[in-house]
Asker: 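Before we start, here is the structure in question, set down as structure tokens.
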Amino acid sequence: MEEILSLFYENREFIFLIVVSIFLGIEVISNVPAVLHTPLMSGANAIHGVVIIGSIIIMLQADPGNYYALILGFLAVILGTLNVVGGFVVTNRMLEMFKKKSK
Amino acid sequence: MDTKLLGLSLLELSYIAASVTFILGLKMLSSPDKARKGNLIAGYGMGLAIAATILFKEEFSPDKWLNYTLIFAGLLIGTVIGVRMALKVKMTAMPQMVSFFNGMGGACAGVISLVEFDHLRHGGEVSMGMLIVILLGLIIGSVSFSGSMIAFGKLEGKIADKALPAGQIINILLLIAIFGLGGFLAISGNLSMPLLFGLLALSLIYGVLFVMPIGGADMPVVISLLNSFTGMAAAFGGFLYGNQAMLTGGILVGSAGTILTVLMCTAMNRSLTNVIIGSFGGGSSASAKTGEQGTIKEISVTDAAILLAYANKVSVVPGYGLAVAQAQHTVHNLEKLLEEKGVELTYAIHPVAGRMPGHMNVLLAEADVPYPKLLEMEDANEDMASTDVVLVIGANDVVNPAAENDPSSPIYGMPVVKVWNAKNIIVLKRSMGKGYAGIENELFFHPKNRMLFGDAKDSLEKLISELKNL
């Protein structure tokens, strides 16, 4: 119990941020019309590509002799980049077609 | 001035900026005019956060040349492949593309956990909180990866829907094993790599078995759910590194994705548990009343063309068949031709028609169909009684009357386009096969309905040339 409490207390700022972000996410999404659901899903998909930062941090902090971390970190950078770049480009392609229409 | 402090401050500032761009980006996606800008803004924010991390997170030291080389190589390889795939993919294959990129993000989160767990073994303080975060990142990331890959394969048509006998029980046992093993690792502080890889394997298998039996109409829900999973996995990474950009980005997507998933379930009048536990197309769907089906009437292309040409109001209900046949441009041509003849034509868009919510909108937008012609289901249903001809193109489950009048049907209660209220129905269909959800459709036997068999694009082209000859 004490361990859980101290876990909570030590991370209170992050937990605050998490709770606020959850509601922010719900609030931001709730007005999206059905027309834009596919691009929205795709856009959100690109945004969680932010996980790539974790893989970069691994690479920055890895000991140059630690090949386990270097190889897996390298793999993670590629995977994360695919998520980010592919995600944003695909979303942009979808939305490009919408843009013509709105004029 | 202390340059290290300056760098770290710039780093944090860039994370704040990135978080703001993510929120703005998601927000702007809710309006068709701003959506594209929103996506670009979020993209710039992401680029900024990545660049700042490389520049300011750690002080550069020459003996880490290999690390830096690998970072840039990875970014380059990922960018080249990602851009190529994203530019090459056909509009109809978008859902599986999203699923694929989502899987990549999940895998990235999983791999990060694998490295950080090992990192703990080489010294450093081990706290239970940190272990929990790492293990959850691994579990959720791996489930998201393998699940997304199965969803990708299914939408590509490479993997068939398959339910294991006693699949439910196996899945529950797997979940118990995953959380049992994870819980043991977290509480005992045992840093065994074999156990960690065991957890990885269990999670990957669970992802496969989780998506495998889910068929048809539920696939969009699954992709959306996996999308929010990856968001959560990214957030766990943010927690681990005390990184605000990862945390806000991940949580935003996690919560937004969950809401989107729920919205989709509501559109189909099903609960999320029902989607996850019960499979739509599988096993128990043999509920159709097979006895009293009556006969199917066919219509010739000429008759169909005449019916359309002399109608006042025509409504088109597009479905996945339209996407498969790549007939969006052809249907737009038909629309223009009919308009020239003074026929009023609109499209009735069911929210979950196709393989993703909004799939039909994306597809028709590609063919330059103007916005005001796309009616949402409720509006379309109000107009139905005054509609002369409904043209159902490759849609099936979303126009199934069983949703209204057959309580034993698996889609009972799902809102559908009530095409039977119109004066005439023409269903364009490849064959008498069942819809993706594997349910019999009594609409085809409806007295008002006539079938025009054949590939959707083919039939539409024939209709067009027939109309031109009239």
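The shown structure was predicted, so the numbers you read here are calculated from the model rather than taken from an experiment. Here is how names work: the chains are called A, B, and so on, in the same order as the sequence lines, proteins then strands, and each is numbered from 1.
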Asker: Could you look at B:A235 and say if it's the side chain, the backbone, both or neither that has a heavy atom under 4.5 Å from chain A?
Answerer: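 Neither part.
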Asker: Quick one: pull up CG in B:N39 and OG in A:S42 and give me the separation to the nearest 0.5 Å.
Answerer: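 Reported to 0.5 Å precision, the distance equals 7.5 Å.
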Asker: Go through B:T21, B:L240, B:I77 and name the one with the most non-hydrogen pairs under 4.5 angstrom from chain A.
Answerer: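 Sorted descending by pairs with chain A, the first entry is B:I77.
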Asker: Between chain B and each of A:G43, A:A62, A:A46, A:S6, count heavy-atom pairs under 4.5 Å; write down the option with the most.
Answerer: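 Greatest number of close heavy-atom pairs with chain B: A:A62.
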Asker: Against chain A, label B:V89 side chain, backbone, both or neither, depending on which of its atoms sit under 4.5 Å from a heavy atom there.
Answerer: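 Both backbone and side chain.
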Asker: Considering only heavy atoms and a distance below 4.5 Å, find which of A:I15, A:D63, A:V20, A:L17 pairs most often with chain B.
Answerer: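 With the most close heavy-atom pairs to chain B, the winner is A:L17.
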Asker: Flag the one option from B:L70, B:D63, B:I23 with the top tally of heavy-atom pairs under 4.5 Å to chain A.
Answerer: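 Among B:L70, B:D63, B:I23, the one with the most close pairs to chain A is B:L70.
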Asker: Does NZ in B:K373 sit with more than 12 non-hydrogen atoms of other residues, nucleotides or ligands closer than 6.0 Å?
Answerer: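 More than 12 within 6.0 Å, yes.
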Asker: Within the supplied structure, the quantity of interest is the number of heavy atoms (other residues, nucleotides, ligands) at a distance under 6.0 Å from B:R84 CZ; does it exceed 12?
Answerer: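 No, because the 6.0 Å sphere around CZ of B:R84 holds 12 heavy atoms or fewer from other groups.
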Asker: Given heavy-atom pairs under 4.5 angstrom as the criterion, report whether the side chain, backbone, both or neither of B:S99 touches chain A.
Answerer: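 For B:S99, there is no contact with chain A at all, as no heavy atom is under 4.5 Å.
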Asker: A:V89, A:I53, A:L72, A:I56: which one forms the most heavy-atom pairs within less than 4.5 Å of chain B?
Answerer: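 Most heavy-atom pairs under 4.5 Å with chain B: A:I53.
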Asker: Would you say B:S255's side chain and A:I22's backbone share a donor-acceptor pair under 3.5 angstrom?
Answerer: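 Yes.
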Asker: Would you call B:N102 and A:N83 a side-chain contact if the rule is heavy atoms closer than 4.5 Å?
Answerer: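 Of all side-chain heavy-atom pairs linking A:N83 with B:N102, none is under 4.5 Å.
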Asker: Can you find a heavy atom in the side chain of A:F74 that is under 4.5 Å from one in the side chain of B:I71?
Answerer: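 No, side chains not in contact.
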Asker: Just so I understand: if I count every heavy-atom pair under 4.5 Å between each of B:G43, B:G25, B:G129 and chain A, which residue has the most?
Answerer: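 Heavy-atom pairs under 4.5 Å are most numerous for B:G43.
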Asker: Could you look at B:M193 and say if it's the side chain, the backbone, both or neither that has a heavy atom under 4.5 Å from chain A?
Answerer: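 Interface part for B:M193: side chain.
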Asker: Do B:N67 side-chain atoms and A:P64 backbone N/O form a donor-acceptor pair below 3.5 Å?
Answerer: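 Such a contact is absent between B:N67 side chain and A:P64 backbone.
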Asker: Find the one option among A:N45, A:L40, A:V85 whose heavy-atom pairs under 4.5 Å with chain B are most numerous.
Answerer: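 Sorted descending by pairs with chain B, the first entry is A:N45.
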Asker: Please list, one pair per line, the donor and acceptor atoms closer than 3.5 Å that link side chains of residues 46-57 of chain B to other protein atoms, with sequence neighbours excluded.
Answerer:
residue, atom, partner, partner atom, Å
B:T53, OG1, B:Y15, OH, 2.8
B:T53, OG1, B:A49, O, 2.6

Asker: Roughly how far apart are B:M130 CE and A:N11 CG, rounded to 0.5 Å?
Answerer: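 The CG atom of A:N11 is 9.5 Å from CE of B:M130, to the nearest 0.5 Å.
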Asker: Give, as side chain, backbone, both or neither, the part of B:I259 having an atom under 4.5 angstrom from any heavy atom of chain A.
Answerer: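 The side chain, not the backbone.
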Asker: Would you compute the distance between atom OG1 of A:T38 and atom CG of B:N361 and round it to the nearest 0.5 angstrom?
Answerer: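 If we round to the nearest 0.5 Å, A:T38:OG1 and B:N361:CG are 7.5 Å apart.
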Asker: Does the side chain of A:M94 come within less than 4.5 Å of B:V98's, by heavy atoms?
Answerer: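 Touching, per the 4.5 Å side-chain cut-off.
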Asker: Would you say B:L29 and A:I29 make side-chain contact, with heavy atoms under 4.5 Å?
Answerer: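 B:L29 vs A:I29: side chains apart.
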Asker: Where does A:Q61 contact chain B at under 4.5 Å (heavy atoms): side chain, backbone, both or neither?
Answerer: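 A:Q61 touches chain B through backbone and side-chain heavy atoms alike.
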Asker: At a heavy-atom separation under 4.5 Å, does A:I47 approach chain B through its side chain, its backbone, both, or neither?
Answerer: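 The answer is both parts of A:I47.
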Asker: Can you tell me which portion of A:A69 sits under 4.5 Å from chain B's heavy atoms? Options are side chain, backbone, both or neither.
Answerer: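 It is both, since atoms from each part get that close.
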Asker: Let's test your reading of the structure: which of B:D118, B:V83, B:V80 forms the most heavy-atom pairs below 4.5 Å with chain A?
Answerer: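 It is B:D118.
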Asker: Can you list the residues that meet the ring pair (Phe, Tyr, Trp, His ring centres under 6.0 Å) rule with A:F14, with sequence neighbours excluded?
Answerer: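 If we apply the ring pair (Phe, Tyr, Trp, His ring centres under 6.0 Å) test to A:F14, skipping adjacent residues, the hits are B:F239.
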Asker: Kindly give the heavy-atom pair with the smallest separation between B:G105 and A:V51, and that separation in Å.
Answerer: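 Here B:G105 and A:V51 meet closest at O-CG1, 3.9 Å.
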Asker: Measuring from atom CD1 of B:I251 to atom NE2 of A:H48, what distance do you get when rounded to the nearest 0.5 angstrom?
Answerer: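 Spacing of CD1 (B:I251) from NE2 (A:H48) equals 13.0 Å.
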Asker: Can you give me the closest heavy-atom contact between B:G78 and A:L82, atom names plus distance?
Answerer: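 So the two residues come closest at O-CD2, 3.7 Å.
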Asker: Can you tell if the side chain of A:V77 reaches within under 4.5 Å of the side chain of B:F72, non-hydrogen atoms only?
Answerer: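 Not in contact.
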Asker: Hey, is the main chain of A:G54 close enough, under 3.5 Å, to the side chain of B:N243 for a donor-acceptor pair?
Answerer: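 Side chain of B:N243 to backbone of A:G54: no pair is present.
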Asker: Name the region of B:K88, side chain, backbone, both or neither, that has any atom closer than 4.5 Å to a heavy atom of chain A.
Answerer: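 Contact with chain A is through the backbone of B:K88 alone.
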Asker: How many angstroms lie between CG in A:L24 and NZ in B:K27, if you round to the nearest 0.5 Å?
Answerer: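 It comes to 9.5 Å.
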Asker: Provide the closest heavy-atom pair for B:V115 versus A:Y68 in the form atom of the first, atom of the second, distance.
Answerer: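 Nearest heavy atoms, B:V115 then A:Y68: CA-CE2, 4.1 Å.
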Asker: Does atom OH (B:Y44) have a neighbourhood of more than 12 heavy atoms from anything else shown, all under 6.0 Å?
Answerer: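 Counting other residues, nucleotides and ligands, OH of B:Y44 stays at 12 neighbours or fewer.
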Asker: Can you see which heavy atom on A:I58 is nearest to which on B:E116, and at what distance?
Answerer: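 Heavy atoms only, the tightest pair is CG1-OE2, 3.6 Å.
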Asker: Got more than 12 heavy atoms from elsewhere within 6.0 Å of CZ, A:F23?
Answerer: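 Open.
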Asker: Please state whether the side chain, the backbone, both or neither of B:L66 comes within less than 4.5 Å of a heavy atom of chain A.
Answerer: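 Contact with chain A: side chain only.
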Asker: Using non-hydrogen atoms only, which part of B:Y68 is less than 4.5 Å away from chain A: side chain, backbone, both, or neither?
Answerer: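 For B:Y68, side-chain heavy atoms alone lie under 4.5 Å from chain A.
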Asker: Among B:A42, B:S228, B:S19, B:S31, which has the most heavy-atom pairs under 4.5 Å with chain A?
Answerer: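 The answer is B:A42.
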Asker: Side-chain contact, heavy-atom cut-off 4.5 Å: A:N92 with B:L40?
Answerer: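 They are in side-chain contact.
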Asker: Identify which part of B:L75 has an atom lying under 4.5 Å from any heavy atom of chain A, answering side chain, backbone, both or neither.
Answerer: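 For B:L75, the contact with chain A is made by backbone and side chain together.
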Asker: Taking all heavy atoms of A:V90 and all of B:A86, pick out the closest pair and write down the distance.
Answerer: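 Heavy-atom minimum between the residues: CG2-CB, 3.4 Å.
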Asker: For chain A, which of B:L87, B:I132, B:L76 has the most heavy-atom pairs under 4.5 Å?
Answerer: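 Of the options given, most contacts go to B:L87.
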Asker: Most heavy-atom pairs under 4.5 angstrom with chain B, which of A:G25, A:G87, A:G86?
Answerer: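 So the answer, after comparing A:G25, A:G87, A:G86, is A:G86.
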Asker: What I'd like to find out is whether the side chain of A:R93 reaches to under 4.5 Å of the side chain of B:M94, using heavy atoms alone.
Answerer: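 Yes - at least one pair of side-chain heavy atoms lies under 4.5 Å apart.
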Asker: Assess the side chains of A:N66 and B:H119: does a donor N or O sit below 3.5 Å from an acceptor N or O?
Answerer: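 Their side chains do not contain a donor-acceptor pair, so the 3.5 Å distance test is not met.
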